[in-house]
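Take a look at the structure set out below.
Treat the numbers as computed from the prediction; the structure is a model and nothing was measured. As the structure lists them, so they are numbered: ligands from 1, and atoms in each ligand from 1.
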Amino acid sequence: MKIIDAKVIVCSPGRNFVTLKIVTDDGLVGWGDATLNGRELSVASYLKDHVAPCLIGRDPHQIEDIWQYLYKGAYWRRGPVTMTAIAAVDMALWDIKAKVANLPLYQLLGGKSRAGCLVYGHANGASIDDTIEAVERHLEEGFKAIRVQTGVPGLAKVYGVGQPNGFYEPATKGLPQESIWSTDKYIQHMPKLFEALRDRFGPDLPLLHDVHHRLTPIEAARLGKMLEPYHLFWMEDATPAENQDAFRLIRQHTTTPLAVGEVFNCIWDCKTLIENQLIDYIRTSVTHTGGISHMRKIAALAELYQVRTGSHGPTDVSPICMGAALHFDISIPNFGIQEYMAHEPLVNEVFPNSYRFENGYMVPGDEPGHGVTMDEALAARYPYDPAYLPIARLEDGTLWNW
Ligand code: GCO
Ligand code: MG
């Protein structure tokens, strides 16, 4: 069998997605997600101009060899653009291999290690009361684990906190918007939120919180300590993770579990944190971290240290990523939790899929492959529309960490 076409499709059914379609001479099609929020066209070009020509004529079964060819052969290794492009190829090739085998992809990855994948939804509100209502809505929908974000008194806008209906979209159309950030105001407010949540919902509900890289190491240590009485499932991205020694400092001060890695793109980004047991959950995703092949290596390394996975699953990766992620999640021994921000109905029409949310868990479909395809004709009606994440500044105008 040979690859005869590798086509890159950019579309924007409400938000931008980059998709790779690999076609074989047997008429099989494999789909990969290559969406890098706010930098979409760089991955589209990397794939179209530099990767696709190298794929034509290759045997799609040689997944590991093609992975190594793209990683080592490029000379320039790692980085979000490269690793997202390789991920899309990897996902599409696993999709094809599973279709040839006539099996759902998880069967090729070792079969099911669990009945379903625990997911967490996003509850957020401008005030603590609004946030409590958002948590109630999630419980009614069946969620068994919930990430909570809330507005901070004195700050006009807080990233991750949406409109009155609770929905938020990370990127906005046009150039990046700017908002003002105050760490002091934030840190003083957060314990009040979690105290109110525990009062209302009791001790059992798994609650997660995302700090979005905004704190210094000692501030993160302080917040982790302040939140200990409310025993979070995790505190995510407490500091920017380029300085990984920061996690040593945070760890020395708090038992609040730590999650990091949604902006990591390869195993080398994870190695120190995992081997030194400085984190509890690794948040790399199939789309941004080299695909299923590379994610399996990261999970295997993490398994040695009782670090579990908690993959990034925002609306800014396509349903193809969610489909592939669920086959990965259900198969590995050290799965922890999967983020699940449901896509808008139109996105699910553009990317028909068979995964299901059932009583707090997600399960992949059972048809051959990863179970997600694309309606190219529908996608063509929604051309690329630039959108960007917002930017944070301190009250004195200093550009702050994202
Ligand atoms: C999360 C993330 C998102 C990101 C977004 C960036 O935990 O889901 O932090 O909110 O900011 O995916 O593209
Ligand atoms: Mg996050």
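Among the candidates His213, Arg147, Arg283, the single residue satisfying the side-chain hydrogen bond (donor to acceptor under 3.5 Å, both in side chains) test with Glu236 is Arg283. The ring pair (Phe, Tyr, Trp, His ring centres under 6.0 Å) test with His209 is passed by exactly one of Tyr230, Phe194, Phe233, Tyr120: Phe194.
On a distance-only criterion, His122 and ligand 1 share no N/O pair closer than 3.5 Å. Residue Tyr120 has no N or O atom closer than 3.5 Å to an N or O atom of ligand 1. At a 3.5 angstrom cut-off on N or O pairs, Trp402 does not count as close to ligand 1.
For Leu389, every heavy-atom contact with ligand 1 shorter than 4.0 Å involves the side chain, none the backbone. The proximity of Met341 to ligand 1, defined as any non-hydrogen pair under 4.0 Å, does not occur for either the backbone or the side chain.
In summary, an N, O or S atom of Glu262 is located under 2.8 Å from the Mg ion (ligand 2).
Other residues, nucleotides and ligands place more than 12 heavy atoms under 6.0 Å from the CZ atom of Arg114.
Note on ring orientation: taking the six-membered ring where Trp is involved, the planes of Trp402 and Tyr159 are perpendicular (angle over 60°, cut-offs 30° and 60°).
Counting only distance, with no hydrogens or angles, the side chain of Arg15 and the backbone of Val317 share no donor-acceptor pair below 3.5 Å. Checked by atom type and distance alone, the side chain of Gln244 pairs as donor or acceptor with a backbone atom of Asp269 at under 3.5 Å.
Applying the 4.0 Å criterion to heavy atoms of Arg147 picks out, from ligand 1, the atoms 1 (C), 7 (O), 8 (O).
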